[in-house]
Visitor: 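If you scroll down you'll find the structure; I have some questions about it.
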Amino acid sequence: MSRRGPLKSAVPSNLVSPVRRCSRTACGRPAVATLTYVYADSTAVLGPLATYAEPHCYDLCAEHSERLTAPRGWDVVRLAVDSGPARPSGDDLEALANAVREAARPQERTAGPGAAPSVVAPTGRGADPMEVARRGHLRVLRSPDS
């Protein structure tokens with residue numbers, strides 16, 4: 001019995017790209033939009049590129065998404081397609097900074113068994129009066145009406 005080495009792949013791995021390509025035959029351009037169909041409403045929906053490739057959706061390049069037409073009697077709904085890469089906004093950075101501050105705070109201390117957790121800010125001041133309880137980074141807030 002002869003001993004063979006590892007199996008050779010039919011497609012070299014350097015040809016497989018992590019970039020999703022247009023679903024149209026013989027088109028190798030990068031996909032920028034996702035096409036789905038709502039058969040019950042006779043509607044084709046063209047929107048931003050989906051986060052994950054779905055089996056019943058079609059990824060299209062810019063050229064094919066612009067030239068898309070639907071069968072007679074069907075409607076095409078075109079959702080806004082983001083043309084550029086998403087950049088973090090000031091709100092995103094502030095939310096990240098707040099999450100880091102929250103994670104750095106010391107753990108809660110309880111007065112005893114069955115007692116409500118007392119929340120003390122690092123500065124020694126009491127917590128927000130709207131806050132009822134806290135578990136990790138989640139907070140239970142009092143309704144503004146009460």
Visitor: Give the table of side-chain donor-acceptor pairs shorter than 3.5 Å for residues 60-74, with sequence neighbours excluded, one pair per line with atom names and distance.
Guide:
from: Glu63; atom 1: OE1; to: Arg29; atom 2: NH2; distance (Å): 3.1
from: His64; atom 1: NE2; to: Arg67; atom 2: NH2; distance (Å): 3.4
from: Ser65; atom 1: OG; to: Cys61; atom 2: O; distance (Å): 3.1
from: Ser65; atom 1: OG; to: Ala62; atom 2: O; distance (Å): 2.9

Visitor: Could you list the residues that satisfy side chain to side chain contact (heavy atoms under 4.5 Å, CB included) with Asn98, not counting sequence neighbours?
Guide: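 Checked Asn98 against side chain to side chain contact (heavy atoms under 4.5 Å, CB included); matches are Glu94, Arg101.
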Visitor: Pairs under 3.5 angstrom only: tabulate donor-acceptor contacts from the side chains of residues 30-42 to other protein residues two or more places apart or in another chain.
Guide:
from: Thr34; atom 1: OG1; to: Ala50; atom 2: N; distance (Å): 2.8
from: Thr34; atom 1: OG1; to: Asp59; atom 2: OD1; distance (Å): 3.2

